[in-house]
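Values in this document were obtained by computation on a predicted structure and should not be read as measured data.
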Amino acid sequence: MSTIEKAVVTEDKPVSKWTYKDFTWVLSLFGTAVGAGVLFLPIKAGAGGFWPLVVLAIIATPMIWLAHKGLARFVLSSKNPNADITDTVEEHFGKVGANIITFAYFFAIYPIVLIYGVGITNTVDSFLVNQLGIDPLPRWLLSGVLIAAMTAGVVFGRDLMLKLTSLMVYPLVFILLALSLYLIPEWNMSMLEVAPDWSAMPVIVWMAIPLIVFSFNHSPIISQFTKDQRQQFGDNAVVKTDMITGGAALMLTGFVMFFVFSVVLSLSPAELAVAKEQNISVLSHIANINPSPILSYLGPIVAFAAIVSSYFGHFLGAHEGLVGLIKSRSSFSVKKIQMASMLFIVITTWIVTIRNPSILGMIETMGAPMIAAILFILPVVSMNIVPAMKKFSTSKLAQIFTFICGLASITSVIYGAFL
């Protein structure tokens with residue numbers, strides 16, 4: 001074990017010892033990751049059958065931990081204790097590298113806003129038709145009202161919306177756990193009865209990796225988390241970041257994969273296919289087919305809350321990213337750039353929502369590849385070419401595994417385009 005990985009002492013307290021604050025950071029990382037992506041994960045992960053799902057569950061924890069641990073170490077490698085990911089890239093790779101990362105960040109977040117525009121419209125439309133018995137509204141009108149209402153919440157009540165969405169995370173997690181337990185009596189063997197095609201197993205797992213990357217991603221908060229640890233522990237912060245990202249990975253995969261398995265085991269492969277075809281979350285589909293009044297109403301409400309809470313944070317991130325990209329290349333005032341950026345995001349989200357493309361397809365082709373490039377590829381490459389990252393390097397085996405997972409997320413999109 002290297003000196004970095006050994007337990008060290010700061011202010012007479014072992015850095016390697018868990019504290020209450022550490023646990024609150026685990027919850028913060030957990031809450032950042034758990035969102036609307038989790039509601040679509042069972043549809044894709046369960047589509048290939050039970051045994052590929054088992055393989056995904058096995059690789060998910062090391063895959064998520066090593067990636068986020070590597071990104072935290074990348075931020076720690078900066079000479080500036082207050083540096084974020086973009087600052088660190090500029091320090092190691094210059095302004096060109098920083099511009100590339102800023103561009104990549106925007107295109108990692110912006111497609112997620114589009115995804116949530118489609119998701120919220122389909123969730124509400126399904127609820128109105130199937131639970132309330134109302135004739136479907138024109139899609140252009142329903143989507144326009146929903147997107148305008150959510151955006152207004154961001155514009156006119158930003159602080160309030162952020163507080164509400166942060167408060168929504170933990171009740172949302174509790175309800176999802178309760179639903180997972182509630183579905184246990186509905187478990188059946190239909191998924192296990194599907195004979196596994198072992199020769200196709202690698203391809204099935206490969207094609208599902210982008211959704212795993214998307215659903216477990218908590219990279220947006222890594223910079224702030226890492227800076228906090230560095231301010232407290234200085235050069236020994238790597239011990240804490242490794243511990244806390246590991247705790248978050250275990251908690252995430254344990255909770256989310258239990259939810260995925262509970263849903264998949266309570267539905268048949270045909271029912272999962274119907275949910276994919278209807279382009280709705282798995283909770284909306286369960287509400288439509290289950291006679292229980294609890295699931296009929298609670299499912300869509302939970303899906304609505306998850307999508308709305310995710311929309312606010314990602315809209316702000318996309319807006320700030322686009323403003324940053326334009327501001328450095330334009331002479332217009334900041335207010336004009338902010339307004340133009342907001343209108344661009346709202347109008348394009350509305351147009352995409354009216355067209356109603358596949359949500360899973362958008363996640364796989366637009367969201368996950370950019371996230372994988374920043375979260376999986378960048379830290380590993382830096383460990384091998386940046387001198388400041390040498391002391392933060394993980395084992396070669398860990399680097400190879402992380403790089404392969406990131407590469408798999410990106411190449412599966414290319415492969416899928418030719419299917």
Visitor: Do we see a donor-acceptor contact under 3.5 Å between the side chains of Q399 and N384?
Guide: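 Yes, because at least one side-chain N or O of Q399 sits under 3.5 Å from a partner of the opposite role on N384.
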Visitor: Pair T353, S143 - check side-chain hydrogen bond (donor to acceptor under 3.5 Å, both in side chains), show working.
Guide: CA-CA 7 Å; T353 301; S143 60; 5.7 Å; no
Visitor: Just by distance, no angles: are the side chains of N122 and Q278 close enough, under 3.5 Å, to form a donor-acceptor pair?
Guide: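 Side chains of N122 and Q278: no pair found under 3.5 Å.
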Visitor: Could you check if a side-chain atom of V26 sits within less than 4.5 angstrom of a side-chain atom of W18, using non-hydrogen atoms only?
Guide: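 Of all side-chain heavy-atom pairs linking W18 with V26, at least one is under 4.5 Å.
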Visitor: Taking everything shown except K390 itself, do over 12 heavy atoms lie less than 6.0 Å from its NZ?
Guide: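 Counting other residues, nucleotides and ligands, NZ of K390 exceeds 12 neighbours.
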Visitor: Is it true that the side chains of Q232 and D228 contain a donor and an acceptor less than 3.5 Å apart?
Guide: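 Looking only at side-chain atoms, D228 and Q232 do form a donor-acceptor pair, the distance falling under 3.5 Å.
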Visitor: When you look at I112 and F214, which way does the side-chain contact (heavy atoms from CB on, under 4.5 Å) test go after all the steps?
Guide: CA-CA 9 Å; I112 302 174; F214 180 87; 3.5 Å; yes
Visitor: Is any side-chain heavy atom of I374 closer than 4.5 Å to a side-chain heavy atom of S219?
Guide: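 No, side chains not in contact.
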Visitor: So, taking the atom named OH in Y182 and the one named CD1 in I175, what distance separates them when rounded to the nearest 0.5 Å?
Guide: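 Those atoms lie 14.0 Å apart.
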Visitor: Return the minimal non-hydrogen interatomic distance between G117 and T349, and the atom names on each side.
Guide: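 Heavy atoms only, the tightest pair is CA-CG2, 4.0 Å.
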Visitor: How far apart are the closest heavy atoms of S409 and S412, and which atoms are they?
Guide: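 That would be O-OG, 3.1 Å.
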Visitor: Can a side-chain donor-acceptor contact be found between S78 and N80 if the only test is distance below 3.5 angstrom?
Guide: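 Judged by distance alone, the side chains do not pair up.
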Visitor: May I ask you to decide if S382's main-chain N or O and H92's side chain share a donor-acceptor pair within less than 3.5 Å?
Guide: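 No: the side chain of H92 does not pair with the backbone of S382.
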Visitor: Tell me, do V213 and F376 make a side-chain contact under 4.5 Å, heavy atoms counted?
Guide: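 A side-chain contact exists here, since the closest heavy-atom pair is under 4.5 Å.
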Visitor: Calculate, to the nearest 0.5 Å, the distance between atoms CD1 and CD1 belonging to I359 and I115 respectively.
Guide: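 Here the rounded value is 8.0 Å.
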Visitor: Give a yes or no on whether K276 atom NZ has more than 12 heavy-atom contacts from other residues, nucleotides or ligands under 6.0 Å away.
Guide: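 It does not: K276 NZ has 12 such atoms or fewer within range.
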Visitor: Centres of the F50 and F261 rings: under 6.0 Å?
Guide: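 Ring centres of F261 and F50 closer than 6.0 Å.
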Visitor: Could you point out which residue of D125, T121, N356 forms a side chain to side chain donor-acceptor pair (under 3.5 Å) with R139?
Guide: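 For R139, the side chain to side chain donor-acceptor pair (under 3.5 Å) check succeeds only for N356.
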Visitor: For S284 and S126, which heavy atoms make the closest approach, and how far apart are they?
Guide: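 So the minimum-distance heavy-atom pair works out to CB-OG, 4.4 Å.
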Visitor: If you compare all heavy atoms of V113 against all heavy atoms of A318, which two are closest, and at what distance to 0.1 Å?
Guide: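 What the structure gives for the nearest pair is CG2-CB, 4.0 Å.
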Visitor: Backbone N or O of L66 within a donor-acceptor pair of the H68 side chain at under 3.5 Å?
Guide: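 Absent.
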Visitor: Looking only at heavy atoms, which two atoms of P369 and V413 are closest? And how far apart?
Guide: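 Minimum heavy-atom contact is CG-CG2, 3.4 Å.
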Visitor: So, R230 and N236: side-chain donor and acceptor under 3.5 Å apart, yes or no?
Guide: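 Note: R230 and N236 side chains miss the donor-acceptor criterion.
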Visitor: Just so I know, are the side chains of P62 and F401 near enough to count as touching, which here means a heavy-atom distance under 4.5 Å?
Guide: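 Contact flag for P62/F401 side chains = yes.
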Visitor: Are R73 and D242 within salt-bridge range, i.e. N to O under 4.0 Å?
Guide: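 Result for this pair is yes, salt bridge flagged.
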Visitor: Does the ring centre of F304 sit less than 6.0 Å away from the ring centre of F127?
Guide: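 They do not qualify: ring centres at least 6.0 Å apart.
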Visitor: For V203 and Y415, what are the C-alpha separation, side-chain angles and deciding distance, and is it a side-chain contact (heavy atoms from CB on, under 4.5 Å)?
Guide: CA-CA 10 Å; V203 174; Y415 178 80; 4.1 Å; yes
Visitor: Can any side-chain N or O of S77 pair as donor or acceptor with the backbone N or O of M389 at less than 3.5 Å?
Guide: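 Such a contact is absent between S77 side chain and M389 backbone.
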Visitor: Hey, what do you get for CZ (F258) to CG (L176), rounding to the nearest 0.5 Å?
Guide: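 Result: 11.5 Å between the selected atoms.
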Visitor: Can you check whether W51 reaches V205 side chain to side chain, under 4.5 Å on heavy atoms?
Guide: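 No; the side chains remain at least 4.5 Å from each other.
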Visitor: Taking the side chain as every heavy atom from C-beta outward, state whether V282 and F40 have any atom pair closer than 4.5 Å.
Guide: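 Sidechains of F40 and V282: no contact.
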Visitor: Any side-chain heavy atom of I286 sitting closer than 4.5 Å to one from L267?
Guide: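 Yes; the side chains approach each other to less than 4.5 Å.
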Visitor: Under the 3.5 angstrom rule, does the side chain of E91 hit a backbone N or O of K79 as a donor-acceptor pair?
Guide: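 Flag set: sc E91 to bb K79 pair under 3.5 Å.
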Visitor: Under the criterion side-chain contact (heavy atoms from CB on, under 4.5 Å), I'd like the reasoning laid out for V239 against F233: C-alpha separation, chi angles, the key distance, then a yes or no.
Guide: CA-CA 9 Å; V239 177; F233 301 104; over 6 Å; no
Visitor: Y110 and ring pair (Phe, Tyr, Trp, His ring centres under 6.0 Å): which partner among F344, F103, Y116?
Guide: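 Only one of F344, F103, Y116 forms a ring pair (Phe, Tyr, Trp, His ring centres under 6.0 Å) with Y110, namely F344.
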Visitor: Test your reading of the model: is there a side-chain donor-acceptor pair from H285 to the backbone of E271, 3.5 Å cut-off?
Guide: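 Here the side-chain-to-backbone pair exists.
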Visitor: Please tell me whether W206 and T411 have a donor and an acceptor in their side chains that are separated by less than 3.5 angstrom.
Guide: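 Present: a donor and an acceptor within the cut-off.
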Visitor: Is there a donor-acceptor pair closer than 3.5 Å between any side-chain N or O of T151 and the backbone N or O of A148?
Guide: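 Not a single qualifying donor-acceptor pair exists.
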Visitor: For the CZ atom of F403 and the CE atom of M383, what is their distance to the nearest 0.5 Å?
Guide: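 It is 12.5 Å, given to the nearest 0.5 Å.
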Visitor: Please tell me whether S296 and Q131 have a donor and an acceptor in their side chains that are separated by less than 3.5 angstrom.
Guide: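 Judged by distance alone, the side chains do not pair up.
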Visitor: At what distance, to the nearest 0.5 angstrom, does CE of M339 lie from NZ of K335?
Guide: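 Result: 10.0 Å between the selected atoms.
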Visitor: Between D87 and D84 (side chain of the first, backbone of the second, donor and acceptor by atom type, cut-off under 3.5 Å), is there such a pair?
Guide: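 Checked: pair present.
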Visitor: Quick one: CD1 on I371 to CG on L375, what's the gap to the nearest 0.5 Å?
Guide: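 So the CD1 of I371 and the CG of L375 are separated by 8.0 Å.
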Visitor: Could you tell me whether a side-chain N or O of T241 sits under 3.5 Å from a main-chain N or O of V238, the two making a donor and an acceptor?
Guide: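 Flag set: sc T241 to bb V238 pair under 3.5 Å.
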Visitor: Report yes or no: does K69 contribute a side-chain atom to a donor-acceptor pair with the main-chain N or O of I64 at less than 3.5 Å?
Guide: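 Looks like no, no N/O pair under 3.5 Å.
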Visitor: Start with the C-alpha distance between F23 and I244, add both sets of side-chain angles, then the distance that settles side-chain contact (heavy atoms from CB on, under 4.5 Å), and finish with yes or no.
Guide: CA-CA 8 Å; F23 183 65; I244 295 169; over 6 Å; no
Visitor: Regarding D22 and K240, does a basic nitrogen lie under 4.0 Å from an acidic carboxylate oxygen?
Guide: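 Yes.
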Visitor: Please examine the side chains of I326 and S341, heavy atoms only from C-beta on, and report whether any two atoms are closer than 4.5 Å.
Guide: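 With C-beta onward as the side chain, the pair touches.
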Visitor: Quick one: closest heavy-atom pair of A67 and T402, and the distance?
Guide: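 In this case the closest contact between A67 and T402 is CA-CG2, 4.1 Å.
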